[in-house]
Amino acid sequence: MAGLQQTNSEKILLSWVRQSTRNYPQVNVINFTSSWSDGLAFNALLHSHRPDLFDWNAVASQQSPVQRLDHAFNIARQHLGIEKLLDPEDIATACPDKKSIFMYVTSLFQVLPQQVTMEAIREVEMLPRHSRVTREEHIQVHHQQRFTQEVSCFTFLLSSCCSKVVISLLPHKFGI
């Protein structure tokens with residue numbers, strides 16, 4: 001399914017994030033959904049490029065996911081000029097919105113240093129695919145399954161109907 005494949009821009013952005021957060025053992029970003037829900041990835045990304053802005057250990061160890069997310073969004077707004085486009089409560093869920101996170105991380109990418117190595121891109125290509133299906137992907141698969149079932153049902157009804165028509169025409173055509 002084309003909708004489930006990562007685009008080149010997603011690979012590059014994910015590579016940049018992984019490369020930037022490599023020195024933060026609590027952070028393992030593998031997607032643009034669940035990897036961000038605890039707030040650590042946003043803070044690690046900011047801290048990796050601007051360690052002067054806050055104490056990483058204080059943020060990582062003492063705050064809840066909503067507090068960490070709020071912290072990251074406030075730091076990005078105050079020091080990088082990125083509007084607080086996301087609500088921490090919407091991100092601190094099991095499956096936050098992929099497009100929203102992707103858009104926000106893209107905003108960070110535009111203002112922070114952007115060096116991405118080929119090694120980081122190859123690493124992203126080797127990540128396990130679809131460890132967690134997003135809501136949009138689940139809906140897409142569900143609709144495709146429903147469509148397949150409807151087509152199968154229609155094909156069965158059509159074949160059943162056509163065979164009855166053929167059987168009922170046989171006596172007339174062949175004089176049976």
Exercise for the section: Could you tell me whether the side chain of D97 and the main chain of S100 form a donor-acceptor pair under 3.5 Å? Expected result: yes
Problem - Side-chain touch L14/E10, heavy atoms, less than 4.5 angstrom - result: no
Problem - hydrophobic_cluster_shared for V66 and I91, side chain cutoff 4.5 Å - result: no
Handout entry: Pairwise side-chain contact, D90 with P96, heavy-atom cut-off 4.5 Å (strictly under)
Key = no
Fill in the blank from the handout: For R68 and A60, the nearest pair of non-hydrogen atoms, with its separation, is NH1-O, 3.7 Å
Problem - Closest heavy-atom pair and its distance - V27, A44 - result: CG2-CB, 3.8 Å
Practice task
Give a yes-or-no answer on whether the side chains of S34 and N31 include a donor-acceptor pair shorter than 3.5 Å.
Solution key: yes
Practice task
Determine, step by step, whether D52 and R50 satisfy the salt bridge (charged side-chain N to carboxylate O under 4.0 Å, His left out) criterion, reporting the C-alpha distance in whole Å, the side-chain angles of both residues, the deciding distance to 0.1 Å, and the verdict.
Solution key: CA-CA 5 Å; D52 58 304; R50 295 290 309 273; 3.1 Å; yes
Problem - Shortest non-hydrogen contact between S35 and N28, atoms and distance - result: OG-O, 3.6 Å
Handout entry: Single hit among F73, F54, F32 for ring pair (Phe, Tyr, Trp, His ring centres under 6.0 Å) with F42
Key = F73
Problem - Nearest atoms (heavy-atom pairs only) where L45 meets S20 - result: CD1-CB, 3.5 Å
Contacts under 3.5 angstrom, residues 75-85 side chains, donor-acceptor by atom type, not counting sequence neighbours:
unit_1, atom_1, unit_2, atom_2, d
R77, NH1, N74, OD1, 3.2
K84, NZ, D70, OD1, 2.4

Practice task
Answer yes or no: is there a donor N or O on one side and an acceptor on the other, between the side chain of R18 and the main chain of V29, under 3.5 Å?
Solution key: yes
Handout entry: I30-V105 co-clustered via ILVMFWY side chain contacts under 4.5 Å
Key = yes
Exercise for the section: Determine which pairs satisfy side chain to side chain donor-acceptor pair (under 3.5 Å) with at least one residue from residues 37-47, sequence neighbours left out, and list them in order. Expected result: Y24-H47, N43-H71
Practice task
Quick one: closest heavy-atom pair of P113 and W16, and the distance?
Solution key: O-NE1, 2.7 Å
